[in-house]
S.K.: 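This structure is in structure tokens; I'll ask about it shortly.
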Amino acid sequence: MTKYAGKDFIVQVGDVATATNFLTIAAMRTSGLTINNEQIDVTEKDVMPWRELFEGGVRSMELSVTGIITDGATISTLRAAVMTGQIRYFKVVSALGDFWTGKYQVASMERSGDHDKEEVYTIKLMSSGLQTYTP
């Protein structure tokens, strides 16, 4: 059985206007990706009691990233994005070599640290629009 290293699952932030110039978010320790396909119930009273769903639903992706703050530039970029509600391009690269590219909004950012340890950050990203998958 092949095992894939979590260190090879990375999240990169790109330019605001184009999907270019991606930089890996610094010092990530954990990262996760959730792909959702939310159903839309379009059941009408005359077809009850059977539920009817809108085909396709609403697709979305959510990313969560936690790490150590080692790069002021990356944190400044993420902080600006969350403070302004800016939607930027991000790339998610898996250990398998496939990746997703699309626009995301930084929905939340948390920074914390104990007095005798490193400062850490946690961000949550929510997709906005079409995500391009490259196998």
Side-chain angles (χ1 to χ4, degrees):
M1 174 186 217
T2 303
K3 293 183 182 180
Y4 298 95
K7 68 180 177 69
D8 294 330
F9 184 89
I10 60 173
V11 179
Q12 300 176 323
V13 60
D15 288 341
V16 176
T18 60
T20 59
N21 300 324
F22 288 98
L23 300 171
T24 299
I25 295 177
M28 290 188 308
R29 283 201 172 163
T30 62
S31 52
L33 167 69
T34 303
I35 301 173
N36 298 307
N37 188 20
E38 183 179 339
Q39 289 78 32
I40 299 173
D41 189 341
V42 293
T43 306
E44 298 176 16
K45 288 183 178 183
D46 61 343
V47 295
M48 288 181 69
W50 294 100
R51 176 177 57 197
E52 187 175 349
L53 298 175
F54 179 75
E55 187 173 335
V58 177
R59 292 182 193 94
S60 65
M61 293 176 71
E62 294 179 18
L63 298 166
S64 59
V65 177
T66 301
I68 300 170
I69 295 178
T70 60
D71 177 4
T74 302
I75 293 302
S76 293
T77 299
L78 296 172
R79 182 182 62 243
V82 75
M83 296 296 288
T84 62
Q86 188 178 56
I87 295 176
R88 300 183 65 102
Y89 279 94
F90 282 81
K91 182 188 284 188
V92 182
V93 182
S94 84
L96 297 172
D98 54 343
F99 59 91
W100 293 265
T101 307
K103 291 183 176 182
Y104 287 82
Q105 185 172 44
V106 181
S108 66
M109 178 178 178
E110 179 182 331
R111 292 171 65 176
S112 61
D114 294 333
H115 75 282
D116 61 344
K117 294 185 180 168
E118 66 276 349
E119 184 177 356
V120 296
Y121 68 90
T122 300
I123 58 171
K124 182 177 181 183
L125 304 165
M126 310 271 300
S127 65
S128 175
L130 179 67
Q131 301 297 302
T132 303
Y133 176 71
T134 305

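Only heavy atoms go into these numbers, but all of them, side chains included; no hydrogens, no water, no symmetry mates. Quick note: residue numbers are just sequence positions, from 1.
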S.K.: State, yes or no, whether a side-chain contact exists between Glu118 and Val120 at a heavy-atom distance under 4.5 Å.
M.R.: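 In contact.
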S.K.: What are the two closest non-hydrogen atoms of Ala5 and Ala95, and how far apart are they?
M.R.: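 In terms of heavy atoms, the two residues are closest at O-CB, 3.6 Å.
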S.K.: Please report the shortest heavy-atom distance between Ile87 and Ser128, naming the atom on each side.
M.R.: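 Closest pair (atom of Ile87, atom of Ser128, distance): CD1-OG, 3.7 Å.
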S.K.: Using 0.5 Å steps for rounding, measure from the CE atom of Met83 to the OG atom of Ser76.
M.R.: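 Nearest 0.5 Å value for the CE-OG distance: 12.0 Å.
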S.K.: Walk me through it: do Ile68 and Glu119 pass the test side chain to side chain contact (heavy atoms under 4.5 Å, CB included)?
M.R.: CA-CA 6 Å; Ile68 300 170; Glu119 184 177 356; over 6 Å; no
S.K.: In Å, rounded to the nearest 0.5 Å, how long is the span from CD of Gln39 to CZ of Arg51?
M.R.: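 One finds 7.5 Å between CD of Gln39 and CZ of Arg51.
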S.K.: Arg111 versus Ile75: any side-chain heavy-atom pair under 4.5 Å?
M.R.: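 Arg111 reaches Ile75 side chain to side chain.
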S.K.: Distance check, rounded to the nearest 0.5 Å: Ile35 atom CD1 versus Met61 atom CE?
M.R.: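 If we round to the nearest 0.5 Å, Ile35:CD1 and Met61:CE are 4.5 Å apart.
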S.K.: Measure from the side-chain N and O atoms of Gln105 to the backbone N and O of Gly85, and report whether any donor-acceptor pair falls under 3.5 Å.
M.R.: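 Side chain of Gln105 to backbone of Gly85, a donor-acceptor pair under 3.5 Å: yes, one is there.
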S.K.: If every non-hydrogen atom of Asn37 is compared with every non-hydrogen atom of Gly56, which pair is closest and at what distance?
M.R.: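 In this case the closest contact between Asn37 and Gly56 is OD1-O, 2.7 Å.
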S.K.: Measure the shortest side-chain to side-chain distance between Ile123 and Ile25 over non-hydrogen atoms and say whether it is less than 4.5 angstrom.
M.R.: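 Answer yes - side chains close enough.
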S.K.: Decide yes or no for Thr101 and Thr134: does some side-chain heavy atom of the first lie under 4.5 Å from some side-chain heavy atom of the second?
M.R.: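 Counting from C-beta outward, Thr101 and Thr134 never come under 4.5 Å.
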S.K.: I'd like to know if Ile69 and Val13 are part of one continuous hydrophobic network [Ile/Leu/Val/Met/Phe/Trp/Tyr, side-chain heavy atoms within less than 4.5 Å].
M.R.: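 Yes, same cluster.
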S.K.: Using modelled atom types and a 3.5 Å cut-off, is there a donor and acceptor pairing between side-chain atoms of Asp41 and backbone atoms of Thr43?
M.R.: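 At least one qualifying donor-acceptor pair exists.
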S.K.: Check the pair Phe9, Val93 against side chain to side chain contact (heavy atoms under 4.5 Å, CB included), reporting the backbone distance first and the verdict last.
M.R.: CA-CA 6 Å; Phe9 184 89; Val93 182; over 6 Å; no
S.K.: Run the side-chain hydrogen bond (donor to acceptor under 3.5 Å, both in side chains) check on Gln12 and Tyr89 step by step: do they pass?
M.R.: CA-CA 9 Å; Gln12 300 176 323; Tyr89 279 94; over 6 Å; no
S.K.: Would you indicate whether the side-chain heavy atoms of Val42 and Leu53 approach each other to under 4.5 Å?
M.R.: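 Leu53 does not reach Val42 side chain to side chain.
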S.K.: Are the side chains of Val11 and Met28 in touch, meaning some heavy atoms are under 4.5 Å apart?
M.R.: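 Of all side-chain heavy-atom pairs linking Met28 with Val11, at least one is under 4.5 Å.
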S.K.: Do the side chains of Gln86 and Val16 get nearer than 4.5 Å, heavy atoms only?
M.R.: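 Yes, their side chains come closer than 4.5 Å.
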S.K.: Pairs in or reaching into residues 52-66: which pass salt bridge (charged side-chain N to carboxylate O under 4.0 Å, His left out), with residues at least two apart or in two chains?
M.R.: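 Listed by first then second residue: Glu62-Lys124.
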S.K.: Quick check: do Val65 and Tyr121 have side-chain heavy atoms less than 4.5 Å from each other?
M.R.: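 The answer is yes, as the side chains (C-beta and beyond) meet within the 4.5 Å cut-off.
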S.K.: Can you name the residues that form a ring pair (Phe, Tyr, Trp, His ring centres under 6.0 Å) with Tyr133, not counting sequence neighbours?
M.R.: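 Once residues adjacent in sequence are excluded, the partners of Tyr133 under the ring pair (Phe, Tyr, Trp, His ring centres under 6.0 Å) criterion are Trp100.
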S.K.: With rounding to the nearest 0.5 Å, note down the distance linking CE in Met126 to OG1 in Thr34.
M.R.: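 If I round to the nearest 0.5 Å, the distance is 10.0 Å.
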S.K.: Roughly how far, to the nearest 0.5 Å, is CZ of Arg88 from CG of Leu125?
M.R.: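 Answer for the CG-CZ pair, Leu125 versus Arg88, is 11.0 Å.
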S.K.: Looking at CZ of Phe90 and OG of Ser127, how far apart are the two atoms once the value is rounded to the nearest 0.5 Å?
M.R.: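 Taking CZ in Phe90 and OG in Ser127, the distance rounds to 12.0 Å.
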